[in-house]
Every structure is written in structure tokens, then in C-alpha cells.
Amino acid sequence: MRIALIAHDELKDEMVEFVTAHADALGECELVTTGTTGKRIADETGLAVNRQASGPYGGDLQIGGMIADDAIGGVVFLRDPLTAQAHEPDISALLRVCDVKDIPLATNVASAELLVDGLLDER
Ligand SMILES: O=C(CO)COP(=O)(O)O
């Protein structure tokens, strides 16, 4: 299973904590990330990641393209709801294509826990 992991700057610590807590399960998946999120995950958890561009430089769109190609099974996108992002249109496109393709999408840690549990149950 290929899982996308993305976090805005204010949520990157939470993402690293989340991945660390689920390292066994996520380690069996192929992890696709945006640039800076992936660097943090790789450096701090030791898990291998397939890093795309940084979000503001097209990484969200690259992952959105993979979703359109049916190449991603689930997305954890820890969005910062309190900070405006210059690349908001890219973020909206990524969220939209998840809905278009009916791909599980978690935008906070509580739902990310359910997503990982649910996807693991299916395996
Ligand atoms: O901006 C992002 C998602 O919209 C995340 O990008 P980075 O992981 O490169 O910080």
C-alpha cells in the first residue's frame, strides 16, 4: 500500500510523532511525501520515503497526480487551519482529487489514527 504523508510547518512535529508511533505499520507501506515533510520523517524516524517537491513548489500537485492515477491508497495531510498558505489552490486541488477518487484522507491526527487502523485492518 502506498500512503501519502504531508504536513504544514506548524504540524511537522505532530507528523513525526504520528509516524514514530505507527512506525511498524507504516514501515510496511511505501511512503510518499512532500519535500520538507519527507526529510523530517526520514531523518527522525529512519523510514524510507519517496520525496516529492516541497508543497509550495508543486509537491501537493505531484501527489494529487498520483491520486488521479490510482497510485495512492490513503492520505494523511496535517493541515494548518490557522495559517494562510501561498499555495492554497494546490492544497484545494489535492483535497478535491481525494474526494473525486474516493481516497481516504485524514487532515488531523485523530482521523489519521483511524485511517491507519482502518487501512491496516484491510491488509
Ligand atoms: O506545503 C505543504 C503542503 O501543502 C507541505 O510541503 P513540505 O512538506 O515541503 O513543507
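In this chain, residues are counted from 1 in sequence order. Order of appearance sets the numbers: ligands from 1, and atoms from 1 within every ligand. Both backbone and side-chain heavy atoms feed into the values below; hydrogens, waters and symmetry mates do not.
- Within the set Ala86, Ser54, Pro56, the minimum heavy-atom distance to atom 9 (O) of ligand 1 is found for Ser54.
- Side-chain contact annotation: Gln62 with Asp60, donor-acceptor N/O pair under 3.5 Å absent.
- Across Asp60, Leu61, Thr37, Leu78, heavy-atom proximity to atom 4 (O) of ligand 1 is greatest for Asp60.
- Residue contacts with ligand 1, taken as heavy atom pairs separated by less than 4.0 Å, do not involve Arg79 at all.
- Residue Ile6 has at least one heavy-atom neighbour below 4.0 Å for each of these atoms of ligand 1: 3 (C), 5 (C).
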Could you walk me through whether Ile91 and Phe77 satisfy the side-chain contact (heavy atoms from CB on, under 4.5 Å) test, starting with their C-alpha distance in whole Å, then the side-chain angles of each, then the deciding distance to 0.1 Å, before giving a yes or no? CA-CA 10 Å; Ile91 296 165; Phe77 186 172; 3.8 Å; yes
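- Atom-to-atom distance recorded for Leu115:CG and Leu105:CG is 8.0 Å, nearest 0.5 angstrom.
- Within ligand 1, counting atoms from 1 as listed, the ones closer than 4.0 Å to a heavy atom of Thr36 are 7 (P), 8 (O), 9 (O), 10 (O).
- Atoms of ligand 1 lying under 4.0 Å from at least one heavy atom of His8, given by number and element, are 1 (O), 2 (C), 3 (C), 4 (O).
- Ligand 1 has a nitrogen or oxygen under 3.5 angstrom from a nitrogen or oxygen of Gly55.
- Within the structure, the closest approach of Lys12 to ligand 1 falls below 4.0 Å when heavy atoms are considered.
- Residue contact check for ligand 1: Phe77 places a non-hydrogen atom closer than 4.0 Å to it.
- Two residues are said to be in side-chain contact when any heavy atoms from C-beta on lie closer than 4.5 Å; Ile41 and Leu5 meet this criterion.
- For atom 5 (C) of ligand 1, the closest non-hydrogen atom of the protein is Thr34 OG1, 3.5 Å.
- The proximity of Ala7 to ligand 1, defined as any non-hydrogen pair under 4.0 Å, is limited to the backbone.
- The only option from Glu10, Gln85, His8 that meets the side chain to side chain contact (heavy atoms under 4.5 Å, CB included) definition with Arg79 turns out to be His8.
- Proximity to Ile91 (heavy-atom distance under 4.0 Å) selects the following atoms of ligand 1: 4 (O).
- A donor-acceptor distance shorter than 3.5 angstrom exists from the side chain of Thr20 to the backbone of Val16, with no hydrogens or angles considered.
- Taking a 6.0 Å sphere around CG of Asp102, one finds it holds 12 or fewer heavy atoms contributed by other residues, nucleotides or ligands.
- A salt bridge does not link Arg96 with Asp99: none of the charged nitrogens is closer than 4.0 Å to a carboxylate oxygen.
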